[in-house]
Amino acid sequence: MDTVRLTTAQALVRFMANQYVERDGVEHRFFAGCFGIFGHGNVAGVGQALQQYGDELIYYLARNEQGMVHTAAGFTKTKNRLQTFACTSSIGPGATNMITGAALATINRLPVLLLPGDVFASRGPDPVLQQLEIPHDGALSVNDCFRPVSKYWDRVDRPEQIIPAALSAMRVLTNQAETGAVTLALPQDVQTEAYDFPEEFLKRRVWRIGRPLPDSEILGRAIELIRGSRRPMIVAGGGVIYSEATDSLQWFVEQTGIPVGETQAGKGSLPYDHPLALGAVGTTGTFAANRAAREADLVIGVGTRWTDFTTASKTAFQNPGVRFVNVNVADFDAHKHAGLSLVGDARTTLEALAETLSGYEVETEYREQSARVSREWDAEVERLYALGHEPLPSQGEVIGAVNSASEARDVVVCAAGSMPGDLHKLWRTRDPKGYHVEYGYSCMGYEIAGGLGVKMAAPEREVYVMVGDGSYLMMNAEIITSIQEGYKLTIVLVDNSGFSSIGALSRSVGSDGFGTHYRYRKNGSIGLDSERAPGDVLPVDLAKNAESLGARVMGAQTSAELKEALEEAKSLDQTVVIHVPVDRYEGVPDYESFWDVPVAEVSEVDAVIAAREEYAANRRAERRYL
Ligand SMILES: Cc1ncc(C[n+]2csc(CCOP(=O)(O)OP(=O)(O)O)c2C)c(N)n1
Ligand SMILES: [Mg+2]
């Protein structure tokens, strides 16, 4: 057996550089590179290897370990999970900074490889700087915190262990049903130790990503259920997009006349102006999709994991006899809501269904109703795009301006705050990859870092990062990384001086916006919305902050100024931040939907008592779908 003497880290870097995936006959290099922030826990191991093999695997310096995992997640989501990045960190805080990113990746089913440094396997320098000491367990380190947020976790205590660990990592990363964050904890001494690695381990390896079909008997039962339904609807989730099944979906719905509601990850499954596109479904849904959901007797979920936002906390589907058919590569999701579980790839399964259903169509009246309500919804979008709110624009108008300025193939990116819901309702998606909202973890701080990943994956598209002031303050440092690497982002910083989303939620639970506005503490209190005064607001200047990071900054006080700034931004090739103050209280309404956020059962505050009564009434509509 031919061997080559390498350190653990050198072998891992060379292994990563030679991993490929293949789907539909097309090969993709799986690791586009490795992000990292060095410290004593990785500089001499993984850092040395990345320097030595820099031609094989490119190293990217990030600013925040959480941010670099978000960048990897944004990248792989844009690449439909066929390519990703590895992320290397030091031990201790560098490692634990990645945990939020790991959770985000795992929840969204996005493959990212995390390589936190770990304490000495030899336990020589014990405790080393940043080592956690637990008196009853010598084997624990902070990296054990990655276990619940990883789909595969390993600690490499001897150099040769990297062989099975790396192969297991690839198995999970490339498995469409299992994928998520994978963590290989690398003790800092082991990273640097040498071993005679078999050449075979380092050779080019191609992981095939198949398109499995469900069991034919179950497929037959699904056909019967569809044929027997009068008001079927489809809920399209992220799986439609990852599987590149949007054309098949369109073919299926045009043939059958079944209308489509979209989840956050599934938005873009159909173009917004398709007559069978009812838009967003659920808590942040349109009246078009939510009315169809209320009456549907059969719901076909394709590539969705049925979160509470999609089901409006299980109030969306009210037909007493409603049944679910779930098409999903993940058995776990396919079984939800007592659904008939079609475990398979979205594209091949939709095609198999369409072929077998040929000749079946919903009643003409139902098809026409879908087209009518879809048009009515678009008129509502138009109304909110052109609200003309003064003196500051509404958030809906800002979304309208960005949508109008963008080309069909450009991408909008968002994650947390009031914007994801508003974008879900209002963004007119014209391309399957045009809408990128991270709403599995809805993680404040994802926007800019994730947007960088989107741009790295699709440099030919303009990337519009829509970020609230709260999210911006949590994580804006990857602006510097975007400038360092020459990836332009157009960042629309929507400023309402605090957490308008949670402020509105607070008002709806009777708590008057308590603690959600950036205001001076006065008389010992952080303030209620009903007590606000003009001089209260803190003197924060986020535009100056963005400028100091090297971004080109423009201010826009009105919709007209915003449109001008967006046009100017298009002509630039560097990262731009457009700072837009909006009216905090002019929100986009909800459309016949609910979200279960429990309200205090007893209180001395009248508004809370009233909110609790309303909450109890709404909750009565929650169902179990058994
Ligand atoms: C990391 C993180 N912390 C807390 C939350 C809860 N949360 C959701 S939205 C939000 C406020 C977001 O503020 P901003 O970005 O200004 O958006 P706005 O609500 O004003 O639209 C908070 C605190 C979260 N989603 N993520
Ligand atoms: Mg805000």
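One-based numbering, in listed order, for ligands and for the atoms of each.
Checking Tyr446 against Gln66 by side-chain atom types alone, no donor-acceptor pair falls below 3.5 Å. Residues Asp333 and Trp306 have side chains that never bring a donor and an acceptor to within less than 3.5 angstrom of each other. Side-chain contact check for Thr284 and His424: at least one donor-acceptor pair (N or O, by modelled atom type) lies under 3.5 Å.
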Checklist entry - Run the salt bridge (Lys or Arg N to Asp or Glu O under 4.0 Å) check on Arg428 and Asp378 step by step: do they pass? => result CA-CA 9 Å; Arg428 287 170 168 160; Asp378 200 52; 3.1 Å; yes
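Scanning the protein for heavy atoms near atom 15 (O) of ligand 1, the closest one is Ser471 N, 2.9 Å. Of the protein's non-hydrogen atoms, the one nearest atom 12 (C) of ligand 1 is Met444 CE, 3.6 Å. Of all protein heavy atoms, the one closest to atom 8 (C) of ligand 1 is Ile502 CD1, 3.7 Å. Protein heavy atom in closest approach to atom 13 (O) of ligand 1: Phe499 CD2, 3.3 Å. Shortest contact from atom 17 (O) of ligand 1 to any protein heavy atom: Gly417 CA, 3.7 Å. Atom 21 (O) of ligand 1 has Ser418 OG, 2.5 Å as its closest protein atom, hydrogens excluded (heavy atom only). Regarding atom 19 (O) of ligand 1, its nearest protein heavy-atom neighbour is Ser501 OG, 2.6 Å.
Because its NZ or CZ atom is both nearer than 6.0 Å to the ring centre of Tyr585 and within 45° of the ring axis, Arg532 counts as a cation-pi partner of that residue. At least one cation-pi condition fails for Lys455 and Tyr487: the charged atom is not both under 6.0 angstrom from the six-membered ring centre and inside a 45 degree cone around its axis.
Each protein N, O or S atom less than 2.8 Å from the Mg ion (ligand 2) was counted, giving 3.
Just one residue in the list Ile483, Thr575, Leu489, Asn64 forms a side-chain contact (heavy atoms from CB on, under 4.5 Å) with Glu478, and that residue is Asn64.
Looking at Asn496 against ligand 1, only its side chain comes within 4.0 Å, counting heavy atoms.
Other residues, nucleotides and ligands place more than 12 heavy atoms under 6.0 Å from the CD atom of Glu567.
Of all atoms in ligand 1, numbered sequentially from 1 with element shown, those under 4.0 Å from a heavy atom of Gly470 are 13 (O), 14 (P), 15 (O), 16 (O). Taking every heavy atom of Ser500 and a limit of under 4.0 angstrom, the matching atoms of ligand 1 come to 18 (P), 19 (O), 20 (O), 21 (O).
Proximity of a side-chain donor or acceptor of Glu390 to a complementary backbone N or O of Thr558 within less than 3.5 Å is not detected. Under the 3.5 Å distance criterion, the side-chain polar atoms of Thr311 are left unmatched by any main-chain donor or acceptor of Ala316. Although no hydrogens or angles enter the test, the distance criterion places a donor-acceptor pair under 3.5 Å between the side chain of Thr106 and the main chain of Ala181.
Residue Gly498 places a heavy atom less than 4.0 Å from ligand 1. The closest approach between Ser442 and ligand 1 falls below 4.0 Å for a heavy atom of the residue.
Residue-to-ligand polar distances keep Ala416 apart from ligand 1: every N/O pair is separated by 3.5 Å or more.
With contacts defined as side-chain heavy-atom distances shorter than 4.5 Å, the pair Thr481/Leu61 does not qualify.
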